[in-house]
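Some notes on the structure that comes next.
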Amino acid sequence: MAGIDTQENAMTEIALAMAMGFFSIMILTMISMGIPTMKKVSGEAESISVTTLVKAQPDPGNNTTVGKEDVLIVFDGNAFRDRKLNVVRPETIVPRGRIILALMPGLSLSGALRAQSEFQGSRVILTTLNRAWQAALRDRKNAN
């Protein structure tokens, strides 16, 4: 009988250790998912932040600043627009650098990939429009 008690105690200890491990992982996961992002507090004007949806090969020159050679194209879901929000056709754009393709935040992933496919052969970086650009785009559409 002494062997059975020891065996049952060992199984209880193992089950308790596993439950504690799973509970710890669950707590760590909940904490990591629940951390809010910090908003910019300074009074500086917002700028377009550049992020790629599809990560390319690591490139030492891959930075998030827009250079003189880069071309900014705004896609509102229907039409491509230049820096001044004039409608342009993708086939007429000949970039010397990267194409920064700024999208409306609510655009679906399939819409973003469809817009990106118009610039095959070019290095395209996808980003979302900030509030200032969205307001300017709305004003431009309302004026027309």
Side-chain angles (χ1 to χ4, degrees), residues 5-144:
D5 286 341
T6 306
Q7 195 173 24
E8 287 178 11
N9 286 340
M11 294 301 285
T12 303
E13 293 293 326
I14 291 171
L16 181 60
M18 289 179 65
M20 289 172 35
F22 286 126
F23 182 75
S24 299
I25 291 171
M26 181 186 70
I27 295 298
L28 288 173
T29 303
M30 289 172 48
I31 289 171
S32 68
M33 291 174 54
I35 297 174
T37 57
M38 303 271 303
K39 294 203 176 200
K40 189 166 54 170
V41 180
S42 67
E44 299 174 10
E46 294 183 34
S47 62
I48 295 177
S49 62
V50 180
T51 56
T52 52
L53 290 180
V54 181
K55 187 155 180 92
Q57 294 292 329
D59 180 8
N62 188 12
N63 58 21
T64 58
T65 58
V66 179
K68 292 180 182 179
E69 307 262 320
D70 297 336
V71 177
L72 176 67
I73 302 295
V74 175
F75 183 64
D76 62 7
N78 298 318
F80 294 94
R81 298 173 179 271
D82 63 7
R83 238 178 241 271
K84 297 179 181 178
L85 299 178
N86 297 320
V87 176
V88 294
R89 292 193 332 255
E91 60 271 8
T92 62
I93 299 167
V94 182
R96 291 184 293 175
R98 303 175 296 181
I99 292 179
I100 310 297
L101 185 58
L103 309 169
M104 292 298 287
L107 189 65
S108 66
L109 181 58
S110 62
L113 293 175
R114 198 172 331 113
Q116 183 183 17
S117 70
E118 293 288 330
F119 302 100
Q120 290 182 357
S122 298
R123 184 166 175 211
V124 180
I125 296 179
L126 301 177
T127 187
T128 56
L129 293 171
N130 62 13
R131 288 187 191 127
W133 276 100
Q134 290 175 38
L137 188 58
R138 269 193 307 273
D139 293 344
R140 180 67 178 223
K141 284 182 178 181
N142 291 337
N144 291 337

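We're numbering straight along the sequence, starting at 1. Below, each value reflects all heavy atoms present in this structure, side chains not excepted, and no hydrogens, waters or symmetry copies.
In this structure, the side chains of Leu137 and Arg81 come closer than 4.5 Å at one or more pairs of heavy atoms.
Atom OG1 of Thr128 and atom CG of Asn130 lie 8.0 Å apart (nearest 0.5 Å). Considering CG of Asn9 and CG of Leu16, their distance stands at 12.0 Å, rounded to 0.5 Å.
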| Under the side chain to side chain contact (heavy atoms under 4.5 Å, CB included) criterion, do Val71 and Arg83 qualify, and how do the steps go? | CA-CA 8 Å; Val71 177; Arg83 238 178 241 271; over 6 Å; no

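The two residues Ala102 and Leu129 come nearest to each other via the heavy atoms CB-CD2, 3.3 Å. Nearest heavy-atom pair across Ala112 and Leu103 is CB-CD1, 3.5 Å.
In terms of the side-chain contact (heavy atoms from CB on, under 4.5 Å) criterion, residue partners of Met26 (sequence neighbours excluded) are, by chain and number, Phe23, Met30. With sequence neighbours excluded, the residues that form a side-chain contact (heavy atoms from CB on, under 4.5 Å) with Ser110 are Ser108, Arg114. Judged as a salt bridge (charged side-chain N to carboxylate O under 4.0 Å, His left out), and not counting sequence neighbours, Arg96 has no contacts.
With Leu72 as reference, Ile100 is the one residue of Ile99, Ile100, Leu101 to meet the side-chain contact (heavy atoms from CB on, under 4.5 Å) rule.
Applying the ring-ring contact (aromatic ring centres under 6.0 Å, His included) definition to pairs two or more places apart or across chains, those involving residues 103-127 are Phe80-Phe119.
Under the 3.5 Å distance criterion, the side-chain polar atoms of Asp70 are matched with a main-chain donor or acceptor of Arg98. Gln134 places no side-chain N or O within 3.5 Å of a backbone atom of Met104 that could act as its donor or acceptor partner.
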If you look only at distance, which donor and acceptor atoms sit under 3.5 Å apart when one is on a side chain in residues 84-94 and the other is two or more places apart or in another chain?
from, atom 1, to, atom 2, distance (Å)
Asn86, OD1, Arg140, NH2, 2.4
Arg89, NE, Glu91, OE2, 2.8
Thr92, OG1, Arg89, O, 2.6

